[in-house]
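Heads up, the thing below is written out as structure tokens.
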Amino acid sequence: MTDVLIVGGGIGGLALAQGLRKHGITVAVYERDRRRDDRADRYRLAINPAGSRSLRACLPDRQWQAFTDTTGRPGGGFGFLGTDLRTLVLVEDALMYPEDPDPAERAYPVDRQTLRGVLLDGLDDTVHYDKTFDSYELAADGRPTARFADGTSVTCDVLVGADGINSRVRAQYLPTATQRDTGAVGVGLKLPLDDDTRAWLPARLAHGMNLVLTGAPHFLFTSVFERQQPVGDDYLLCAFVASTELFPSRPERLDGTQLKAYITGLITDWHPALRHLIAACPPEDVSAFPFQASDRPAPWAPARVTVLGDAVHGMPPAGGNGANTALRDAALLTRQLSLAGTGHLPLLEAIGEYETEMREYGFQAVDLALRTLQQGMMSNPVNVGLTRGWFSLCDVVAPLRRMTFGPSWARISAPRHWERAAAV
């Protein structure tokens with residue numbers, strides 16, 4: 001095996017490309033964006049230890065150093081707040097991710113666009129832009145030929161679909177794999193963090209991550225991104241998540257001003273600072289996207305085509321595990337294809353082992369994201385009252401706080417058996 005063709009130049013696909021090049025495997029990425037800088041997705045990501053571990057496995061030393069140099073300032077904890085801005089419980093950083101001497105076992109806030117730049121570094125001859133994937137064909141020996149909308153085609157040894165939740169590769173490779181509407185829509189907003197906004201922004205919202213619980217079928221998530229070395233582009237990421245029924249059909253077609261108006265109508269009884277926060281976000285930095293989730297597919301026989309990330313286990317961003325799971329896919333698939341490349345495993349066996357393991361942890365992450373989404377949108381008065389009461393008790397009783405919240409972060413990012421083996 002020599003050539004791997006990746007469809008999709010998102011975080012998972014680029015991490016895979018870096019990992020394969022690091023192991024001497026010829027790789028090419030085909031991306032539908034017309035240029036490198038077409039994407040303007042300036043949003044904060046929370047890279048957990050699983051994501052950090054995977055990046056360290058895939059990236060050359062120079063890019064790994066660039067990653068750690070460009071992460072945001074850590075700290076601030078995770079606050080659960082009421083709409084009156086009263087803190088119900090604050091989960092400290094040490095409880096979410098205990099301090100570890102190994103940088104690859106830590107959590108980092110990162111800017112998505114900055115991370116993508118790190119992942120693109122060194123891949124100028126690898127990433128091909130303005131290439132929209134159309135379909136593939138398999139030769140008699142199983143080798144795929146990818147065909148693109150411009151009429152060109154490329155034959156490879158392995159074809160990897162890293163082209164998102166509406167993946168065309170998956171649609172052909174796994175036609176029975178489906179995804180569903182979760183009944184929720186997310187509206188992303190960004191507030192620049194400068195002297196003016198810091199002057200009125202409540203102290204808790206200016207630190208770490210926060211979830212504003214409402215007792216209604218909507219909630220607000222906020223997360224600060226501050227660079228280690230300030231350059232004037234720090235921001236507060238906000239995500240207003242609501243039942244689809246609270247918005248008109250196709251909310252993704254509304255502009256920022258219209259979306260803010262709909263949110264304003266739903267939060268009339270919130271703290272004035274929260275209403276000011278929504279009003280102050282520039283309309284050009286506001287957009288909506290319906291939340292979808294992949295259904296768990298039945299196991300399938302491996303071929304020289306496979307998929308990673310949202311292309312196979314798409315999930316709503318509740319909990320922040322989508323990018324981390326895609327990075328884990330990239331690290332595992334790098335490992336398996338490297339074993340095949342060195343003759344330690346037959347190619348189809350290597351891909352099959354990847355897919356079996358990926359289905360297990362990938363859909364654990366999907367299930368967690370759906371549970372987190374449902375909990376945030378909880379509106380049953382009894383359940384809401386019990387949750388608020390328990391959170392308030394956890395805030396003053398540290399053992400209860402550890403018992404309730406510690407496993408939430410640790411379980412999903414704990415090393416898998418193959419990651420522990422790689423670390424030895």
Side-chain angles (χ1 to χ4, degrees), residues 43-56 64 67-82 85-112 114-115 191 193 198 201-213 219-230 234-239 317-325 327-328 365 368-369 372 375-376 387 390-415 419:
Y43 288 109
R44 179 195 190 276
L45 291 173
I47 298 298
N48 67 24
S52 300
R53 197 181 304 125
S54 301
L55 283 167
R56 186 67 188 95
W64 168 251
F67 165 73
T68 58
D69 287 346
T70 56
T71 59
R73 295 182 189 175
F78 196 112
F80 291 86
L81 316 177
L85 281 181
R86 180 173 67 90
T87 298
L88 301 173
V89 60
L90 177 61
V91 183
E92 55 268 48
D93 295 291
L95 181 55
M96 292 188 289
Y97 301 113
E99 184 64 26
D100 194 293
D102 184 355
E105 293 296 328
R106 300 175 191 166
Y108 298 92
V110 301
D111 177 79
R112 180 188 287 269
T114 302
L115 174 59
L191 178 73
L193 281 180
R198 291 178 189 277
L201 191 67
R204 179 58 227 164
L205 295 182
H207 293 88
M209 297 177 282
N210 297 284
L211 185 66
V212 178
L213 298 171
F219 63 87
L220 179 70
F221 170 78
T222 70
S223 183
V224 168
F225 182 78
E226 297 177 289
R227 295 191 185 276
Q228 298 179 49
Q229 301 297 326
D234 295 344
Y235 58 86
L236 178 68
L237 166 66
C238 304
N321 287 310
N324 290 295
T325 311
L327 289 170
R328 183 172 252 168
L368 176 60
T372 303
Q375 290 165 357
T387 298
W390 182 256
F391 281 6
S392 297
L393 185 60
C394 288
D395 196 46
V396 296
V397 183
L400 288 182
R401 193 163 63 250
R402 286 194 296 270
M403 178 188 72
T404 301
F405 297 101
S408 301
W409 280 273
R411 187 177 299 117
I412 198 69
S413 60
E419 292 172 310

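We count residues from 1, following the sequence as given. Please read these numbers as outputs of a predicted model, since none were measured by experiment.
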Which atom pair, heavy atoms only, marks the closest approach of R86 to S392? NH1-OG, 4.0 Å
May I have the step-by-step check of side chain to side chain contact (heavy atoms under 4.5 Å, CB included) for C394 and R402, ending in yes or no? CA-CA 8 Å; C394 288; R402 286 194 296 270; over 6 Å; no
For G76 and D93, work out which heavy atoms get closest and say how close. N-OD2, 3.0 Å
Can you say whether the rings of Y108 and W64 are parallel (under 30°), tilted (30 to 60°) or perpendicular (over 60°)? perpendicular
When you look at L95 and F78, which way does the side chain to side chain contact (heavy atoms under 4.5 Å, CB included) test go after all the steps? CA-CA 10 Å; L95 181 55; F78 196 112; over 6 Å; no
Should T70 and V110 count as side-chain neighbours, where that means a heavy-atom distance under 4.5 Å? no
Does R44 reach the main-chain N or O of V224 with its side chain, forming a donor-acceptor pair under 3.5 Å? yes
When every non-hydrogen atom of T372 is compared with those of G319, the smallest separation belongs to CG2-N, 4.0 Å
Determine, stepwise, if the pair T222 / M209 fulfils side chain to side chain contact (heavy atoms under 4.5 Å, CB included). CA-CA 6 Å; T222 70; M209 297 177 282; over 6 Å; no
Closest contact, heavy atoms only, S54 versus E419: OG-OE2, 4.2 Å
Keeping D395 on the side-chain end and F391 on the backbone end, is there a donor-acceptor pair under 3.5 Å? no
Heavy-atom side-chain proximity of L85 to L205 below 4.5 angstrom: yes
Side chain to side chain donor-acceptor pair (under 3.5 Å) between T114 and R227, intermediate numbers included: CA-CA 11 Å; T114 302; R227 295 191 185 276; 3.2 Å; yes
Side-chain heavy atoms of L213 within contact of L81, under 4.5 Å: no
Tell me, with the steps shown, if R106 and S52 meet side chain to side chain donor-acceptor pair (under 3.5 Å). CA-CA 7 Å; R106 300 175 191 166; S52 300; over 6 Å; no
Check: N210 side chain, H207 main-chain N or O, donor-acceptor pair, under 3.5 Å: yes
Heavy-atom side-chain proximity of L201 to L193 below 4.5 angstrom: yes
Quick check: F225 with Y43 (ring centres under 6.0 Å apart)? no
Just so I know, are the side chains of V89 and W390 near enough to count as touching, which here means a heavy-atom distance under 4.5 Å? no
Could you report the tightest heavy-atom contact between A365 and N321, atom names first, then the distance? CB-CB, 4.4 Å
Return yes if some donor-acceptor pair links the side-chain N/O of D69 with the main-chain N/O of Q228 below 3.5 Å, else return no. no
Could you tell me if the side chain of F221 sits less than 4.5 Å from the side chain of L211, heavy atoms only? yes
If we ignore hydrogens and angles and just use 3.5 Å, is the side chain of N324 paired with the main-chain N or O of N48 as donor and acceptor? yes
With a 4.5 Å heavy-atom cut-off, do D234 and R198 have their side chains touching? yes
List the steps, then state whether side chain to side chain contact (heavy atoms under 4.5 Å, CB included) holds for T71 with F67. CA-CA 6 Å; T71 59; F67 165 73; 3.9 Å; yes
For S413 and R53, does a side-chain donor sit closer than 3.5 Å to a side-chain acceptor? no
Ignoring hydrogens and geometry, is there a side-chain-to-backbone donor-acceptor pair from T404 to R401 under 3.5 Å? no
Looking at F405 versus F80, is the centre-to-centre ring distance below 6.0 Å? yes
Is any side-chain heavy atom of L327 less than 4.5 Å from a side-chain heavy atom of I47? yes
